[in-house]
Each structure stands twice: as structure tokens, then as C-alpha cells.
Peer 1: 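I have a structure here, written as C-alpha cells, and I will follow up with some questions on it.
A, B, ... follow the sequence lines: proteins, then strands. Residue 1 opens every chain.
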Amino acid sequence: MTQNKFDPKIIGEFLNFSRNVAEAPMKVSIPHEVHIGSTQFDVVYREDKMRLLHFKPLTSKQVKTPLLIVYAIINRWHIFDIDPKKSWVKNLLEQGFDVYMIDWGTPTSLDKFLGFDDYVNNYLDNCVDFICDEADVKKISMQGYCTGGTLATVYSALHPEKIKNLIVTAPVIDGWKDTTVVSNLTKSFDVDKFVDTIGNMPPEFMYYCFSILKPFEQGVEKYLKFLNNINNEKFVDSFLKIEKWLDETPPIPGQLFKEWMKGIYQDNLLIQNKMFVGNRQVSLENLNMPIFTQVAVGDHLVSPECSMPLHYAVSSTDKTLKLYPTGHVGMIASSFSQKKVLPELGQWLKERS
Amino acid sequence: MQTDSNDPYGYYKKAAVFWTDMITMMSSKPTALSAVGPLRNLSTNMKKITAELTEANKEIVEFNNFLIEYYKQLSETWTNAQNEVTAKATEIPQNEEGTEAYKRIWIDNFENYFTGLFDSEKFSKNYNKLISKELDLMKRWNAVMDIMLKSANMPTKQEIDEIYEELHSLKKKISKLESSTKKSEKNDSE
């Protein structure tokens, strides 16, 4: 009779893991009850479902030019303030910046006809005017993240007279150069039929698209790691906050989704200066203000090849392109972003504000 | 008119519509007598709903074909990835480091195989056809709902969409007016 020999360490590891699985509900908070966001703000302007947030200053002296962060149309703005130690907003406030943030809210069926024109020439423009009035300035600095980077780019190209500095963080610009699997799905996607039948892009479908990006690392390994670390309070806290953020994505208005898919991914109009928003042609050559493009080398949501062409398409002579060895979320909500990305951004912005 | 005997779907479709029509005609007289006034439209619902469901049957068959192909692609990729993992697993020692190495190989292999699949043209094409058929089925469902809403004197999806569109356009006009008023007020004060 043969005997199977197991390394006692393997058995120990297996028993530990089983104990963690059994004890997890007692030790760990329910993900949906986790509180995210810690920096205080006032809602200073509202329009439909959109809110403009103004963060309370953390320094006695502030940089004159306010900074408006244009959040993406996927997930929520809380990733910029997910944890006090990794908060993008808090770091900028501590550097003396006057920070505003756009919260797009949760579109309903009533908002299905909202398109690029409404987002850029109405909501965004009204927010910029409001900030200019409140801060008594003629121009502001604008930062756009991910799809918010695209909105900020389009806005700055159409209203360059209102933008002093433009910062784009992992923007979606050149859809044909995007090498992610999501871009592969968009190639033969019948977006007209989709929007006509369903209306807004539902979160459930977006979850599907996210799930095909690194399905085993993000869908299996991540949770195994979590269960192996349930006694590590810091790790658990950070994990649950990110999970909650990932789980809360609002629908995208149908018209905006349609224009996005066609204009950015399928016909790639933006980078070719062929995109029209509110009957006006969007020319990236109008971007003559100082521009800072931040790209994450390990970005699996917006590939660097998709973001970088902006740097070469603008007419600005004061432009900076920085590549960081991190991922899409790591660039804005990690200890790396606190140590490297934010100090560099702060210095760049202070020199120009 | 004769139906091709080699086309079972054609036969089914014709038979379903034929008998629905016949039953509707046969019952139209007594229904007309008993259903007074606007409620008369209830009696015509069945015919319209049957026509929608009959069309939906063909789409369900097509949807299933794309769904089978979708799962086939997933399962083939799974098998290929697992085969490679199994081949590599024989070289891994059975100790703690080995377990960790096996986990790494498993995840990396599956990630590579599945990313390759999701990145392929065959996946993109089939998946989009699957979605397209699902949308066709949803359209049928919407049409059935519209028939019922109409007879209940409620607005249909199309009518609600028209209202939303009208509201959107009105909001836009108001916003433009507000902005031009604001500008002229600002100019006046300056």
C-alpha cells in the first residue's frame, strides 16, 4: 500500500485559510456598510443630478487658481478620497490648492438623451462659470480622470479661454490604439440598437465588461488574497473600500454612451479632430494652455497607447508627459500616488497657477 | 398559399398566425357584443401578442445558437488552459513553495488564455451577435408590453421616450436662455 505524503506546511496553510473563511463574517465589516470619503466638502452648485463639490481648505494660504476635478462617467468620485492616507483630494488641499470636484450623480431614464453637448457645454461650462465667479478669476485649472479626462479635453478645446492649466490622468483619447479587451468588444458593437432598446447603459452590463479584464487576477486571486489577510486590519479596510467603490457604478446616459462609442472607439473622431460637440468641431490644436498628461504603464482599463497621443496632438508648447509604473487606480489612490504622482503634479501646477 | 415542407419554422409561424386570426375572427362577433366601447380593443390584443411571440421564437433559436457558441468558446479556452497547467504541474514540487507556484501558474495561464480569447475577432463577433439577438428579444418584449399598456390607456415606451426627448430639448432651451440672460446682466453691471 502506498502512502501519500503531504508537506505539513500545506496542511497548516489550508487549515488557516478554512478558519479565515469561517471567521470572515465576524471579523470583517459588510462591504456595503463601509464608509468611504473623509474630506469635508460643501455642495456649492447643483444642476439636475450633477453636483459641484467644494472641499474645505486645509491650509491658511491657498493657490489663487482653483482646480476643478472632472470625474469619470464610470463609478463614483469617491476614489479620489477613498482613504485619508491615500486621498488625492486631501493631498492637494494640504499642498494649498482650492479643490472642486464634479459628482455626475445617478442618471435615470429621464436623462437618456443627455449627450456630450449637455455634459461639456452645459454642466461643465456652468460649473466653470460658477467657480470663476466664486473665486473671482477668469480662468481655472482643470483635471480630468479616465473618461473625465476626455470630457476635460473636449471642454478645454472648445473653451480654451477659460482654462489656465489642463491635467489629464489616464484619458481615453485614441480609441483605435486602445489595446484593452474592452476596445475589442466595441469594434462590432451595434450601439444604436443597444441604446434604442435599453436606453441608458446599465451598470450590470458595465460589470460584464470590467469582468473580462484580468478575470482571474481580479476575480479569483484578489479574493483569495483578501481571505488570507483578514487579520490585517489595514489591508481589509483598504480592500473593502475599493470593492465598495468598484461595485457602485451609475448608468451612463444612452446618448452620451452612443456618442462615446462612435466618437472615441469606433470612428475615433477625437484624435482626428473630426468630432463635433454642440455643432462645434473639437480641434485638439486649440489646446494651447499648459498641459500635463499622466499615464500609468500598467493601466489595463485605458492602455497608455490610447492616452499618450494627446500629448503629441496639442499645440501647447508647455506640455509634460509622465509615465508612472502603476495601474489605473494605483495612479490616483495609492501610497505610490502620494509619494510620487501628487508631489510632481503639485509642483507643476504651483509653477503655473 | 402553400408552405415549404422543409421549413418547419415557416409552417409553425403560418399555423400560429392562421389559427390566431381564425379564432379572432370567429370570436369577434360575440366579443363585439359583450365588450362595449373602448374596451373593444382588448379583444384584438391576443392577435398582436401572438404575432410578436411567433416572431420571437425564431429569435430565441438564433439567440441560443450564439449562446452555445459563447459557452463553447469559454469551455474550450478553459480546457486548453487547464491542459497546459496540468502539463506544467508535474514539474512542481509538493511543498509550500510548490503550492504557491501552482497557484501562480494556474492564474497566469488562465489569464493569458482568456485574455487571448476576449481579444480575438471570433469572440468579439459572436458576442456582439449574441447581444444583438438579446436586444431583438427585448424589443419583442417591449412591443408586447406596449400592446398591453395601450389597451390599459397607459403611455407606451415610445410615447414616454417622446416626452423625455421633449423635456430634454426644453431644458436645453431654458438653459440657453438663462445663460444669455446672465451674460447680458453681467454686461449691464459692468
Peer 1: Counting neighbours of CD on B:E121 that are heavy atoms of other residues, nucleotides or ligands and sit closer than 6.0 Å, is the number greater than 12?
Peer 2: no
Peer 1: Counting only heavy atoms closer than 4.5 Å, note whether A:Y208 contacts chain B via side chain, backbone, both or neither.
Peer 2: side chain
Peer 1: Surrounding CZ of A:F235 (heavy atoms of other residues, nucleotides or ligands, distance under 6.0 Å), is the total greater than 12?
Peer 2: yes
Peer 1: Hey, which residues of residues 178-186 of chain A are touching chain B, say heavy atoms under 4.5 Å apart?
Peer 2: A:T179, A:T180, A:V181, A:N184, A:L185
Peer 1: Using non-hydrogen atoms only, which part of A:D48 is less than 4.5 Å away from chain B: side chain, backbone, both, or neither?
Peer 2: side chain
Peer 1: Does the ring center of B:Y113 lie less than 6.0 Å from the ring center of A:F216?
Peer 2: no
Peer 1: Relative to chain B, which segment of A:D117 carries a heavy atom at a distance below 4.5 Å: side chain, backbone, both, or neither?
Peer 2: side chain
Peer 1: State, to 0.1 Å, how close B:F114 and A:P215 come at their nearest heavy-atom pair, and which atoms those are.
Peer 2: CB-CG, 4.4 Å
Peer 1: Contact part of A:F205 toward chain B, heavy-atom cut-off under 4.5 Å: side chain, backbone, both or neither?
Peer 2: side chain
Peer 1: How far does CG of A:L110 sit from CD of B:E165, to the nearest 0.5 angstrom?
Peer 2: 12.5 Å
Peer 1: Considering all heavy atoms of both residues, which atom of B:K157 and which atom of A:D196 are nearest to each other, and what is their separation?
Peer 2: NZ-O, 3.3 Å
Peer 1: Nearest 0.5 angstrom please: B:L135 CG to A:D192 CG, how far?
Peer 2: 11.5 Å
Peer 1: Within a strict 4.5 Å, meaning less than it, do heavy atoms of the B:F110 and A:V220 side chains meet?
Peer 2: no
Peer 1: Assess whether atom CG of B:N187 is packed by more than 12 heavy atoms of other residues, nucleotides or ligands within 6.0 Å.
Peer 2: yes
Peer 1: Please lay out, stage by stage, how A:D111 and B:H168 fare under the test side chain to side chain donor-acceptor pair (under 3.5 Å).
Peer 2: CA-CA 8 Å; A:D111 306 304; B:H168 174 252; over 6 Å; no
Peer 1: Quick one: what part of B:S179 sits under 4.5 Å from any heavy atom of chain A, side chain, backbone, both or neither?
Peer 2: neither
Peer 1: Is there a donor-acceptor pair under 3.5 Å between the side chain of A:E217 and the backbone N or O of B:E111?
Peer 2: no
Peer 1: I need the A:F113 CZ to B:K172 NZ distance, nearest 0.5 Å.
Peer 2: 11.5 Å
Peer 1: Does atom NZ of A:K222 have more than 12 heavy-atom neighbours from other groups under 6.0 Å away?
Peer 2: yes
Peer 1: Against chain B, label A:I198 side chain, backbone, both or neither, depending on which of its atoms sit under 4.5 Å from a heavy atom there.
Peer 2: side chain
Peer 1: Can you measure from CZ (B:F118) to OG (A:S211) and round to the nearest 0.5 angstrom?
Peer 2: 7.0 Å
Peer 1: Counting neighbours of CG on B:N153 that are heavy atoms of other residues, nucleotides or ligands and sit closer than 6.0 Å, is the number greater than 12?
Peer 2: no
Peer 1: Taking the side chain as every heavy atom from C-beta outward, state whether A:N122 and B:K171 have any atom pair closer than 4.5 Å.
Peer 2: no
Peer 1: Between the side chain of A:K193 and the main-chain N/O of B:S132, is any donor-acceptor distance below 3.5 Å?
Peer 2: yes
Peer 1: For B:K129, which atoms come within 4.5 Å of any heavy atom of chain A: side chain, backbone, both, or neither?
Peer 2: neither
Peer 1: Would you mind checking which part of B:L167 comes under 4.5 Å of any heavy atom in chain A, side chain (CB onward), backbone (N, CA, C, O), both or neither?
Peer 2: side chain
Peer 1: When rounded to the nearest 0.5 angstrom, what is the spacing between CG in A:N126 and CD in B:E178?
Peer 2: 8.5 Å
Peer 1: Give, for atom CZ of B:F123 and atom CD1 of A:I212, the distance between the pair rounded to the nearest 0.5 Å.
Peer 2: 5.5 Å
Peer 1: Relative to chain A, which of B:N142, B:T115, B:I160, B:D161 shows the most heavy atom pairs under 4.5 Å?
Peer 2: B:D161
